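Residues take their numbers from the sequence shown, with the count starting at 1. Bear in mind that the values here come from a model prediction, so they are computed numbers and not experimental data.
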Amino acid sequence: MSGFHIVLYEPEIPANTGNIGRTCVAAGAKLHLIEPLGFRLNEKYVKRAGMDYWKDVDMATYVNYADFLEKNPQAHIYYVTTKARQIYSDVSYEPGCCLMFGKESGGIPEEILKAHEADCVRIPMLGETRSLNLSNAVAIVLYEALRQNRFPDMKLQGELHRLSWDA
């Protein structure tokens, strides 16, 4: 396990959460879901996006943000938002840290971001692009954290199956 934690604040789209769950399994990260959710966890769209990996997702749910903080009092949280000044790749992510992402329609609430401005990071985008797809944003930041920590416990060069280009 990588020791990283993905925290979704009130996710609304089941397919995004399913994709993120699958990414968490591949990356050895734990998935934390802060309610209310815009769907039920047993919906077919969540499971379809998570494919046969959904049963392997290490997941916890919380009734609200305060519940998450109460149950994870030592958590160092990085808040991923389009409103941050700091770029996600300029931060040194330590194993065990949390990467929090907001709901698709509105992100992380302003009062939370203002209280943790030093720990807010953003993914650069061109022009007037409002935001990236949530599951893509999670993958970008999580894999940067993994890269910085030399991909703990993951298959690296020389460990992958060789491709055969001979037909």
Side-chain angles (χ1 to χ4, degrees), residues 1-35 37 41 46-47 49-104 107-109 112-113 115-125 131-157 159-160:
M1 295 294 277
S2 69
F4 291 103
H5 299 265
I6 299 300
V7 182
L8 302 183
Y9 181 91
E10 301 181 4
E12 299 166 317
I13 300 174
N16 281 339
T17 300
N19 287 331
I20 292 164
R22 183 178 178 183
T23 299
C24 286
V25 171
K30 183 169 182 171
L31 179 59
H32 303 262
L33 303 176
I34 297 174
E35 297 176 345
L37 308 179
L41 287 174
V46 175
K47 292 181 178 181
M51 296 181 63
D52 56 338
Y53 300 99
W54 191 248
K55 65 182 176 12
D56 299 320
V57 176
D58 182 7
M59 180 174 50
T61 58
Y62 307 88
V63 295
N64 55 34
Y65 178 64
D67 183 39
F68 171 78
L69 292 177
E70 181 181 313
K71 291 178 179 164
N72 298 279
Q74 302 302 319
H76 182 185
I77 306 167
Y78 293 95
Y79 301 83
V80 183
T81 173
T82 58
K83 299 172 176 93
R85 292 189 180 116
Q86 189 169 213
I87 295 173
Y88 78 100
S89 57
D90 291 342
V91 170
S92 294
Y93 300 100
E94 68 282 356
C97 73
C98 296
L99 308 172
M100 181 181 280
F101 299 81
K103 61 182 166 183
E104 290 90 341
I108 299 168
I112 294 173
L113 297 177
H116 303 282
E117 191 173 342
D119 290 318
C120 290
V121 298
R122 68 181 170 83
I123 300 169
M125 294 177 285
S131 64
L132 293 172
N133 172 275
L134 181 60
S135 61
N136 291 337
V138 168
I140 289 167
V141 179
L142 175 57
Y143 271 81
E144 171 61 17
L146 290 165
R147 183 197 66 79
Q148 288 181 12
N149 287 272
R150 306 181 62 81
F151 300 102
D153 302 322
M154 299 177 89
K155 292 179 184 175
L156 300 176
Q157 288 179 319
E159 299 176 30
L160 301 176

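Closest non-hydrogen pair, His5 versus Gly3, comes out as CD2-O, 3.3 Å. When all heavy atoms are compared, the tightest approach of Tyr53 to Arg22 is CE1-NE, 3.4 Å. Among all heavy-atom pairs drawn from Tyr78 and Ser92, the shortest one is OH-O, 3.4 Å. What you find for Phe68 and Cys98 is that their closest heavy atoms are CZ-SG, 4.0 Å. When all heavy atoms of Thr17 and Pro11 are compared, the pair lying nearest together is OG1-CB, 3.5 Å. Of all heavy-atom pairs spanning Leu146 and Ala27, the tightest one is CD1-CB, 3.6 Å.
The distance from atom CG of Asn64 to atom CD of Glu35, rounded to the nearest 0.5 Å, is 9.0 Å. In this structure, CG on Leu113 lies 4.5 Å from OG1 on Thr81, to the nearest 0.5 angstrom. Atom CD of Gln148 is separated from atom OH of Tyr93 by 6.5 Å, given to the nearest 0.5 angstrom. Within the model, atoms CD1 of Ile123 and CD1 of Ile87 stand 11.0 Å from one another, a figure rounded to the nearest 0.5 Å. If you take OH on Tyr88 and CG on Asp90, they are separated by 9.5 Å, rounding to the nearest 0.5 Å. Here the straight-line distance linking atom CD1 of Ile140 with atom OG1 of Thr23 works out to 11.0 Å at 0.5 Å rounding.
For the residue pair His76 and Asp119, a side-chain donor N or O sits within less than 3.5 Å of a side-chain acceptor on the partner.
Side chains of Arg122 and Thr82 form no contact here, defined as non-hydrogen atoms less than 4.5 Å apart. At a threshold of 4.5 Å between non-hydrogen side-chain atoms, the residues Tyr62 and Lys71 count as touching. Annotation: side chain of Met59 is in contact with side chain of Trp54 (closest heavy-atom distance under 4.5 Å). Looking at Leu31 and Asp58, their side chains never come closer than 4.5 Å, going by heavy atoms from C-beta outward. The shortest side-chain heavy-atom distance between Val91 and Glu144 does not fall under the 4.5 Å cut-off. At least one side-chain heavy atom of Leu132 sits less than 4.5 Å from a side-chain heavy atom of Met125.
Under the 30°/60° scheme for interplanar angles, the aromatic rings of Tyr65 and Tyr9 are found to stand perpendicular.
For the side-chain contact (heavy atoms from CB on, under 4.5 Å) with Phe101, the lone residue among Val7, Ile108, Val141 that qualifies is Val141. When each of Leu8, Asn16, Leu99 is paired with Val138, the side-chain contact (heavy atoms from CB on, under 4.5 Å) condition holds for Leu8 and for no other.
Within 6.0 Å of the CD atom in Glu117, the count of heavy atoms belonging to other residues, nucleotides or ligands does not exceed 12.
When atom types are taken as modelled, the side chain of Glu10 and the backbone of Ile34 share no donor-acceptor pair closer than 3.5 angstrom.
Take Glu104 and apply the salt bridge (charged side-chain N to carboxylate O under 4.0 Å, His left out) test, not counting sequence neighbours, and it matches no residue.
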